[in-house]
Amino acid sequence: MQPRTSEKICGMGHSMKRKEDARFLQGKGNYVDDVKLPGMLYMDIVRSPFAYAKIKSINTEAALAIPGVLAVITGETLAQYNLHWMPTLMSDTQMVLPTDTVMYQSQEVAAVIATSRYIAADGVEAVEVEYEPMQAMVTPFQSMEPGAPVLRTDKEGKTDNLAWHWEHGDREATDKAFASADVVVREKMHIPRIHVASIETCGCVADFDPVEGKLTVYMTTQAPHAVRTVLALVAGHVGLSEEKIRIISPDIGGGFGGKVPVYPGYVVAIAASVVIGKPVKWIEDRSENLQADSFARDYHMDCELAATNEGKIQALRIKTVADYGYTDAAANPSKFPAGLFSICTGSYDMDTAFTEMDAVYTNKPPGGVAYRCSFRVTEAVHAIERMVDVLAQKLQKDPAQLRFNNFIQPEQFPYQSPMGWEYDSGNYPAALQKAMDIVGYEELRREQAEKRARGEFMGIGISSFTEIVGAGPSKHFDILGIKMFDSCELRIHPTGKAIARFGTKSQGQGHETTYAQIIAEELGIPALHVEVEEGDTDTAPYGLGTYASRSTPTAGAAAAKAARKVRNKARKIAAYLLEVSEEDLEWEPGVFTVKGAPDKSTTIQDIAFAAYTNHPQGMEAGLEAVHYYDPPNLTFPFGSYICVVDIDKGTGEIKIRRFVAVDDCGNIINPMIVQGQVHGGLTQGLAPAMYESLIYDEEGNILNGTFMDYLLPTAVETPNWETAHTITPSPHHPLGAKGVGESATVGAPPAIVNAVVDALSPLGVTHLEIPMTPPQIWEILNAHGVAE
Amino acid sequence: MATRTVSITVNGETHTRDVEPRLLLVHFLRENLDLTGTHIGCDTSNCGACTVLLDGKSIKSCTLLAVQAHGKAVTTIEGVAQGGQLHPLQEGFKEKHGLQCGFCTPGMVMRAVELLDKNPDPTEDDIRWGISGNLCRCTGYVNIVKAIQYAAEKMQAEEAVEA
């Protein structure tokens, strides 16, 4: 797409270099742990070594005797203020600190407040806690067994460990379709528990000013406004009122959904600051982050697909058992307990579908966050993209051809899915064809046939995913009742420069650049002259924050709408300045010109100056606008990915030879940033496919709770991603954009699994669980006598 | 706790402080000298966010005590740009979009400084192995590799001009 604006203005379509980079590259970023306030104290946390235990006693005497230790806060301390429990964003409940029982390993048990980080750690060592361990329930299947002990005894009348049951779709029609289908394929798959593991952990500096009664919290949060409101609602009884709470989310070192929930540590630090009257800093260690903060995924899915003998998909049925850990601490929209899992019919036109889910409590940390995924879309896409390949294998059809035969066709949009979604736009065959052309699909299939004849294992895997992002329309989407709009407040200064503030919060997505480009596109003010601010609840307009690829669909749209309001006023001023009527003016980015008189024009900069110095009598001075954007629908980005792998018969190693990603996120604001988002997303898709999984033993002990053994891909494991795109604009978004942050995380894992299954299919392999490790592959090769 | 006096030259300036023997170099830099550009991303020496140069060699400053740096020279991200001019690596990261959230970036840049110092003309494989002790969760590394290649080319070109 050719940019409409000049290089100087740098509107949409320009690969503008990022405005935020200068500070990050010179060590001048301002992350939470960089905040240093006069008199600041430090907090460290005592954590449970057991997954499930009674607390018999907590002895704080030795800790308090250490010089520099000022306080030890326990559940009993918080109970005095009725702050020992808090609601989760899913209206479940969670202990802040326990008074009698711990429910997962590394759960917060007590907090030590001291004059330095090191003394706080000494204090933690000195707190003596006596536990009485109980048999932990580690898997949801254990928890669901008849007679299993009830974990949530805090919930009155609870007789089992079921958090909730959810159903969606048409059960009857789906059962009927399955009963009469020519072919039914079925596969069980587990999407393991993983962790977002942003390189910055979580933390905060809570600063209560006892004189003003004002609480300022610098916090690693993706949703500062929501946090402020929740705090005001749950801590109102101790005197914290919303206008006296200021949440500042400074630079955030990666979020990926893990910085949406409110963790006990934040609450305890705030309580400590309020009680002591001094600033309190709490920063997690990596191990604490991996072991206690919200996990993601952990879905056990039983998937079935019904089809005709010719390979026309008719129906999908998925039954899921979801492990939520100790409490449902996800951050899904309220009406969607399983998030947007019902996108599981994917890119395929079928008659009917049904899905149901049991969410189960276990003795593992609470969750599960939407890790770089618009609320459980990753699991849904894995299910459908794997099942399409399972069907292709069963019918001995080419998986690309089977996809072409079942795709929702371009002329079917807007498309009503059997699950009730209205897909806004798409061209699935074009994206898959483009990926096949880039990778050289036919040639690769020929090579594969030759290699198979020689006993070599090479595989080609496809994933043609559809995402559902940009939550969302206020009719259906809210978090704790707060509607999921987002906002932009735009002010043009007299010299034609601007400041724009948003309800979202960048964690690396480059908002300072892309939002400025949107305003440049709409007003012709150079993007370099537009300052973007987010994350301070005292100054930014209200919004629900950044996750679920919602920034461009919601706040990006708000930016365009606010800029258009400004432009409307600018037109009135221009008419006044040029002494013509508004209808006589033509707009091109940055300039109003009188129709038929090209020498009579005025620039946006001149107009801005006039708005403060020479505005028409009767008109308000100034040039600014606010817009709260309530999207009419979600957006549906999509793409086709093709992965080519070679299997090492000696070691079982999977070598990714090529990975081609064709994404379609509608109109593109900054191609460089979009490509960067795809690169990162692909790597976070590679990770669970081949490396990452949080592993627990039968006592509920985590076995890989540090970066030594929770394996993030390094530059060595990560392939050289090849990216391309097609453009199918969203018909309802003001800029035709759709959002892209999460597409690749969602789309990549099944492409990789499909490639490895394809490679091993001559051995009869039809499915592989993730992460696919070399020992797992080698065992298969060895069992068939083909390992070397 | 008893303290020890350390004298450490950081970005060309010598700082003498009384510190606890257990104080990590990264905390000395961040908290005693307020050089917060060096970050902490793990507790097992795996992530490399805390990478700085110690006498020109890249080290993980979370795995060294401040007292071990006594009498030595440390360079942090704050000391890389010279005279208001970005280092070719800093420029490369910006030009090639080699950073997103920016948290791993200072460590990545410091590691790459030594990498290019030892190997001015690295292959892609040299770069990938060279930064394999530094984790990035945002970029997928492709553009970090390109950023380092950009810097290598620029530095070689500059050297050729000087020669």
Side-chain angles (χ1 to χ4, degrees), chain A residues 15 17-18 20-31 33-34 36 116-118 196-201 251-256 283 285-288 506-510 672-673 675-684 686 706-708 712-721 744, chain B residues 1 20 22-23 27 30-31 34-47 49 76-81 86-87 89-91 93-107 109 124-125 127-145:
Chain A
S15 281
K17 305 294 180 244
R18 298 201 322 168
E20 44 272 81
D21 285 356
R23 67 175 184 277
F24 294 140
L25 283 165
Q26 295 175 81
K28 298 296 180 195
N30 184 35
Y31 302 90
D33 198 14
D34 302 341
K36 190 175 183 181
S116 85
R117 207 183 280 269
Y118 285 64
V196 304
S198 50
I199 304 297
E200 178 198 39
T201 61
D251 287 327
I252 299 295
F256 314 117
I283 303 291
D285 290 345
R286 171 59 55 192
S287 317
E288 296 179 289
S506 183
Q507 312 122 41
Q509 293 91 335
M672 175 190 84
I673 287 179
Q675 189 195 45
Q677 289 290 305
V678 174
H679 284 168
L682 290 170
T683 309
Q684 284 182 325
L686 166 74
T706 75
F707 268 179
M708 272 210 280
L712 269 64
T714 73
V716 173
E717 288 82 36
T718 307
N720 224 331
W721 308 113
Chain B
M1 193 173 280
E20 285 188 28
R22 64 177 176 173
L23 182 72
H27 286 138
R30 288 180 51 82
E31 295 183 6
D34 290 331
L35 292 170
T36 54
T38 304
H39 299 146
I40 302 169
C42 76
D43 42 15
T44 48
S45 304
N46 291 90
C47 82
T76 71
I77 188 70
E78 290 91 344
V80 173
L86 289 184
H87 187 280
L89 274 162
Q90 291 169 310
E91 197 184 301
F93 272 72
K94 178 165 182 163
E95 286 298 316
K96 298 296 174 188
H97 190 30
L99 71 158
Q100 289 181 28
C101 81
F103 200 79
C104 77
T105 309
V109 169
E124 180 184 333
D125 216 36
I127 294 173
R128 286 182 175 272
W129 280 100
I131 59 169
S132 63
N134 293 65
L135 296 173
C136 170
R137 196 59 155 168
C138 296
T139 66
Y141 304 104
V142 175
N143 289 346
I144 293 180
V145 172

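Lettering follows sequence order; numbering is per chain, from 1.
- Contact annotation for Q509(A): neither backbone nor side-chain heavy atoms come within less than 4.5 Å of a heavy atom of chain B.
- For a residue to count as touching a neighbouring chain, one of its non-hydrogen atoms must lie under 4.5 Å from one of that chain's; by this rule V678(A) does not touch chain B.
- Using a 4.5 Å cut-off between heavy atoms, A197(A) touches chain B through backbone and side chain atoms alike.
- Using a 4.5 Å heavy-atom cutoff, the side chains of Q26(A) and L86(B) are in contact.
- Residue C42(B) comes nearest to F707(A) through the heavy atom pair CB-CD1, 3.6 Å, listed as atom of the first residue, atom of the second, then distance.
- Between chain A and the residues V80(B), N143(B), I131(B), the most heavy-atom pairs under 4.5 angstrom are made by N143(B).
- For the atom pair S116(A) OG and E20(B) CD, the distance stands at 6.5 Å (nearest 0.5 Å).
- Between chain A and the residues P106(B), S132(B), G37(B), the largest count of heavy-atom pairs under 4.5 Å involves S132(B).
- Side-chain contact between K94(B) and R18(A) is absent, with no heavy-atom pair separated by less than 4.5 Å.
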Could you go through N46(B) and R286(A), starting from their C-alpha distance and side-chain angles, then the distance that decides it, and tell me whether this counts as side-chain contact (heavy atoms from CB on, under 4.5 Å)? CA-CA 10 Å; N46(B) 291 90; R286(A) 171 59 55 192; over 6 Å; no
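- Contact count versus chain B (heavy atoms, under 4.5 Å) is highest, among D285(A), I252(A), I199(A), for I199(A).
- Distance check: H679(A) NE2 to Q100(B) CD gives 9.5 Å after rounding to the nearest 0.5 Å.
- Most heavy-atom pairs under 4.5 Å with chain B: of the set R23(A), K28(A), Q684(A), E20(A), this distinction falls to Q684(A).
- Interface remark: of the candidates D125(B), L23(B), V109(B), L23(B) forms the most heavy-atom pairs closer than 4.5 Å to chain A.
- The closest side-chain heavy-atom distance from R137(B) to L712(A) is below 4.5 Å.
- Y31(A) and F103(B) get closest at one heavy-atom pair: OH-N, 3.4 Å.
- Interatomic distance, CG of L89(B) versus CG of L25(A), reported as 10.0 Å (0.5 Å rounding).
- For L682(A), no part lies under 4.5 angstrom from a heavy atom of chain B.
- For the set A715(A), G508(A), P719(A), the entry with the most heavy-atom pairs within less than 4.5 Å of chain B is A715(A).
- Contacts classified as salt bridge (Lys or Arg N to Asp or Glu O under 4.0 Å) and involving residues 34-47 of chain B (residues at least two apart or in different chains) are given here: K36(A)-D34(B).
- For T718(A), the side-chain contact (heavy atoms from CB on, under 4.5 Å) partners at least two apart in sequence or on another chain are T683(A), L686(A), P713(A), W721(A), R128(B), Y141(B).
- Only the side chain of H27(B) comes within less than 4.5 Å of a heavy atom in chain A; its backbone stays farther off.
- The candidate with the highest count of non-hydrogen atom pairs below 4.5 Å against chain A, out of I40(B), T105(B), V142(B), is V142(B).
- Residue with the most contacts toward chain B among D33(A), T201(A), D251(A): D33(A) (heavy-atom pairs, distance under 4.5 Å).
- Between E200(A) and H39(B) there is no side-chain heavy-atom pair separated by less than 4.5 Å.
- Both the backbone and the side chain of Y118(A) come within less than 4.5 Å of a heavy atom in chain B.
- Interface remark: of the candidates M672(A), Q675(A), Q507(A), M672(A) forms the most heavy-atom pairs closer than 4.5 Å to chain B.
- Rounding to the nearest 0.5 Å places SG of C138(B) at 4.0 Å from CZ of F256(A).
- In this structure, the portions of E31(B) lying under 4.5 Å from any heavy atom of chain A include both its backbone and its side chain.
- Taking V145(B), N134(B), I127(B), I77(B) one by one and counting their heavy-atom pairs under 4.5 Å with chain A, the maximum is reached by I77(B).
- Interface check for chain A: of the options T76(B), T139(B), T38(B), I144(B), the most heavy-atom pairs under 4.5 Å are formed by T139(B).
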